[in-house]
Amino acid sequence: MQRRTLLAVPTAALLATPWIARAQGAWPDRPVRIIVPFPPGGSNDTVARILQPKLTELLGRPVVVENRAGASGSVGSSETARAAPDGHTWLLANDTLATNETLMSLPYRVMEAFSFCTLVGTCPYALVTHPSTPFQNFTQMVEAAKARPQTLNYATTGVGSGAHIATVLLQQRGDFRLEHVPYRGGGPALQDSLAGHVPLFMSNIVIILSHIRAGALRPLGLTQQTDSRYLPGVVPFTRQGFPGFEALTYWQLCGPAGIPQPILARMQQAVKRVLAEENVQARMAEQGADIVGSTPAETEAFVRAEIEKWGAVIRENNIRADS
C-alpha cells in the first residue's frame, strides 16, 4: 500500500462529497471513545488529539480520548476488544498491536478481535543520542557498542514495540549488542532521554522531531529507505551499511470485531475527511507524520502483513514479553 494515499485526493473533492452520516441512521447516539493504549505525551496520544476536535464536529457527538496504558499497549487493546461492537469505542493502535500477537500470550487473536477502520499515518523511527555522549554519528556508536557489548543502554516505548524490534534487527545485522531499557510509553522515555539518564533512544520521529531540531537530541540514523523531508541531512540506515532496512511506525484506527460495515465505512470517511483539512495536514506534518487514510480492507491487509513480517523477527531472536 502506498504511503500518503489520501493526499492524492484533492481536498476540495472530499469536502464536496455529500456527508453520508446524515443518511445512515442514528449512529453515533452518544459520546465516542478513542482509546489510546499508552500514556499522555506519546505519538498515539498526539495523533488522537489532532483528530479529536474535528471528529467531534463531524460526528455531532463528543469524541473523548482515553489513555489506557500498560503491557506494551495490550491493556487498552484488550479493553477495546471486549467493548460492544456498536461504533462507540475505538482504538488508536500502533505497531505494538501487530507485534504483541507474537510477543505475548493475549486473550484474543488480532485479526479476529478487531474491525479495522483506517490507517491514519506512518513515520520512521530515528535513533537519537543525548548531546552529552561522545557519539557524533552511528558508526561511532557501533564501535563503542562492539568494544563493550551490552553496556550501552537504549530506551524504547516497551518490549516488543516497533522501536525495540527494529533496534534488535539493526544489532543482528550489524553484529553489535546494546542493553534495552523499556518504558511504558513515549512520554516517559522522552523525559529520561532529554535528561541524559539513558544515552540512546529509538523513537518514532513524532515524539522527538522538535527536540532534534532544537539540538536537545542528536540523530544517528533513520529507519526508512529514503531521506526524510522532516529531517534533512539525517542519513537512513539503508545507506549506513544496512541495505533495504526499513521499519515504520503507524497509527491505525480499529474497533471491536463485528462493527456493522455501514458504521465502519462512516467512521473511515469521517477520519479521511478530517485528514483532508489543511490545518490537520499541517499539524501532522509538524509532527513528522505522513498521512495515509486507507480503506478498511487496505488497513486489514496492512496489519496482517505487519504481523507476519515482525513476527518472524521476534521468533528468530527469541524476544519475549519479559526480555
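Looking at Glu286 and Leu209, their side chains never come closer than 4.5 Å, going by heavy atoms from C-beta outward. Residues Val159 and His164 form a side-chain contact, since some pair of their non-hydrogen atoms from C-beta on lies under 4.5 Å apart. Residues Leu178 and Phe176 are in side-chain contact: their nearest non-hydrogen atoms beyond the backbone lie under 4.5 Å apart. Between His211 and Val128 there is no side-chain heavy-atom pair separated by less than 4.5 Å. Looking only at side-chain heavy atoms (C-beta outward), Ile205 and Pro124 come within less than 4.5 Å of each other. With contacts defined as side-chain heavy-atom distances shorter than 4.5 Å, the pair Tyr125/Asn204 qualifies. Counting heavy atoms from C-beta on, the side chains of Arg213 and Tyr230 come closer than 4.5 Å. Considering only heavy atoms from C-beta on, Ile319 stays 4.5 Å or farther from Thr99 through its side chain.
Contact detail for Leu194 and Ala216: the closest heavy-atom pair is CD2-CB, 3.8 Å. Between Thr133 and Thr129, the shortest heavy-atom distance links the atoms OG1-OG1, 2.7 Å. A pairwise comparison of heavy atoms in Arg320 and Leu103 identifies C-CD1, 3.7 Å as the closest pair. The two residues Gly293 and Thr118 come nearest to each other via the heavy atoms C-OG1, 3.4 Å. Here the shortest heavy-atom pairing between Thr223 and Ala247 reads OG1-O, 2.5 Å. Contact record, Asp175 with Lys146: O-CE, 3.3 Å, taken as the closest heavy-atom pair.
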Worked verdict on Phe114 versus Tyr108 for ring pair (Phe, Tyr, Trp, His ring centres under 6.0 Å): CA-CA 9 Å; Phe114 297 98; Tyr108 56 80; 5.4 Å; yes

Step-by-step side-chain contact (heavy atoms from CB on, under 4.5 Å) determination, Thr299 to Gln268: CA-CA 11 Å; Thr299 306; Gln268 189 268 342; over 6 Å; no

Audit row: Glu306, Val303, side-chain contact (heavy atoms from CB on, under 4.5 Å) steps and yes/no: CA-CA 5 Å; Glu306 287 288 292; Val303 174; 5.5 Å; no

Verdict with supporting geometry, Arg229 and Asp290, side-chain contact (heavy atoms from CB on, under 4.5 Å): CA-CA 10 Å; Arg229 61 190 176 121; Asp290 290 317; 3.2 Å; yes

Stepwise side-chain contact (heavy atoms from CB on, under 4.5 Å) test for Leu92 and Asp45: CA-CA 9 Å; Leu92 190 66; Asp45 188 66; over 6 Å; no

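A donor-acceptor pair under 3.5 Å is absent between the side-chain atoms of Thr238 and the main chain of Gln225, judged by distance alone. The backbone N or O of Leu217 sits nowhere less than 3.5 Å from a side-chain atom of His130 that would complete a donor-acceptor pair. A donor-acceptor contact shorter than 3.5 Å links the side chain of Asn67 to the backbone of Phe38. Counting only distance, with no hydrogens or angles, the side chain of Glu66 and the backbone of Ile34 share no donor-acceptor pair below 3.5 Å. Panel note: side chain Ser294, backbone Leu119; a donor-acceptor pair is recorded below 3.5 Å. At distances below 3.5 Å, at least one donor-acceptor pair connects side-chain atoms of Gln224 with backbone N or O atoms of Asp227. Distance alone, capped at 3.5 Å, places no donor-acceptor pair between the Thr156 side chain and the Ala163 backbone. For Ser115 (side chain) and Gly258 (main-chain N/O), a donor-acceptor pair under 3.5 Å exists by modelled atom type. Between the side chain of His88 and the backbone N or O of Asp29 there is at least one donor-acceptor pair closer than 3.5 Å.
Val36 and Val75 are assigned to two separate hydrophobic clusters, defined by single-linkage of ILVMFWY side chains at heavy-atom distances under 4.5 Å. Val181 and Ile165 are not part of a single hydrophobic cluster, where members link through side-chain heavy atoms under 4.5 Å apart. When hydrophobic clusters are built by joining Ile, Leu, Val, Met, Phe, Trp and Tyr residues whose side-chain heavy atoms come closer than 4.5 Å, directly or via intermediates, Leu275 is grouped together with Val47. Leu152 and Val198 are not part of a single hydrophobic cluster, where members link through side-chain heavy atoms under 4.5 Å apart. Note on Leu169: it clusters hydrophobically with Phe242, by side-chain heavy-atom contacts below 4.5 Å among ILVMFWY residues.
Within the model, atoms CD of Glu308 and CD of Glu101 stand 10.5 Å from one another, a figure rounded to the nearest 0.5 Å. The CE atom of Met141 sits 5.5 Å away from the CG atom of Leu200 when rounded to the nearest 0.5 Å. The distance from the OH atom of Tyr154 to the CD atom of Glu179 is 8.5 Å, given to the nearest 0.5 Å. Here the CZ atom belonging to Arg218 is positioned 4.0 Å from the CD atom belonging to Gln136, to the nearest 0.5 angstrom. With rounding to the nearest 0.5 angstrom, the CZ atom of Phe201 is 13.5 Å from the CG atom of Asn153. Atoms CE and CD1, from Met267 and Ile259 in turn, are 8.5 Å apart once rounded to the nearest 0.5 Å.
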Side-chain donor-acceptor contacts of residues 53-65 below 3.5 Å, not counting sequence neighbours, with atom names and distances?
residue: Thr56; atom: OG1; partner: Gln52; partner atom: O; Å: 3.1
residue: Thr56; atom: OG1; partner: Val63; partner atom: N; Å: 3.0
residue: Arg61; atom: NE; partner: Pro28; partner atom: O; Å: 3.2

Which pairs would a plain distance check flag for residues 77-84, meaning a side-chain donor or acceptor within less than 3.5 Å of a matching protein atom at least two apart in sequence or in another chain?
residue: Ser77; atom: OG; partner: Gly73; partner atom: O; Å: 2.9
residue: Ser78; atom: OG; partner: Ser74; partner atom: O; Å: 2.8
residue: Glu79; atom: OE1; partner: Arg68; partner atom: NE; Å: 3.3
residue: Glu79; atom: OE2; partner: Arg33; partner atom: NH1; Å: 2.9
residue: Thr80; atom: OG1; partner: Gly76; partner atom: O; Å: 3.0

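Taking Arg177 as the reference, nothing meets the salt bridge (Lys or Arg N to Asp or Glu O under 4.0 Å) condition, with sequence neighbours excluded.
Partner Gln240 forms a side chain to side chain contact (heavy atoms under 4.5 Å, CB included) with one of Asn137, Leu220, Val235 and no other, that one being Val235.
Open room surrounds CZ on Arg304; 12 or fewer heavy atoms of other groups in view lie less than 6.0 Å from it.
With 3.5 Å as the limit, one finds no donor-acceptor pair spanning the side chains of Thr102 and Trp310. Side-chain atoms of Thr249 and Asp95 form a donor-acceptor pair, as typed in the model, at a separation below 3.5 Å.
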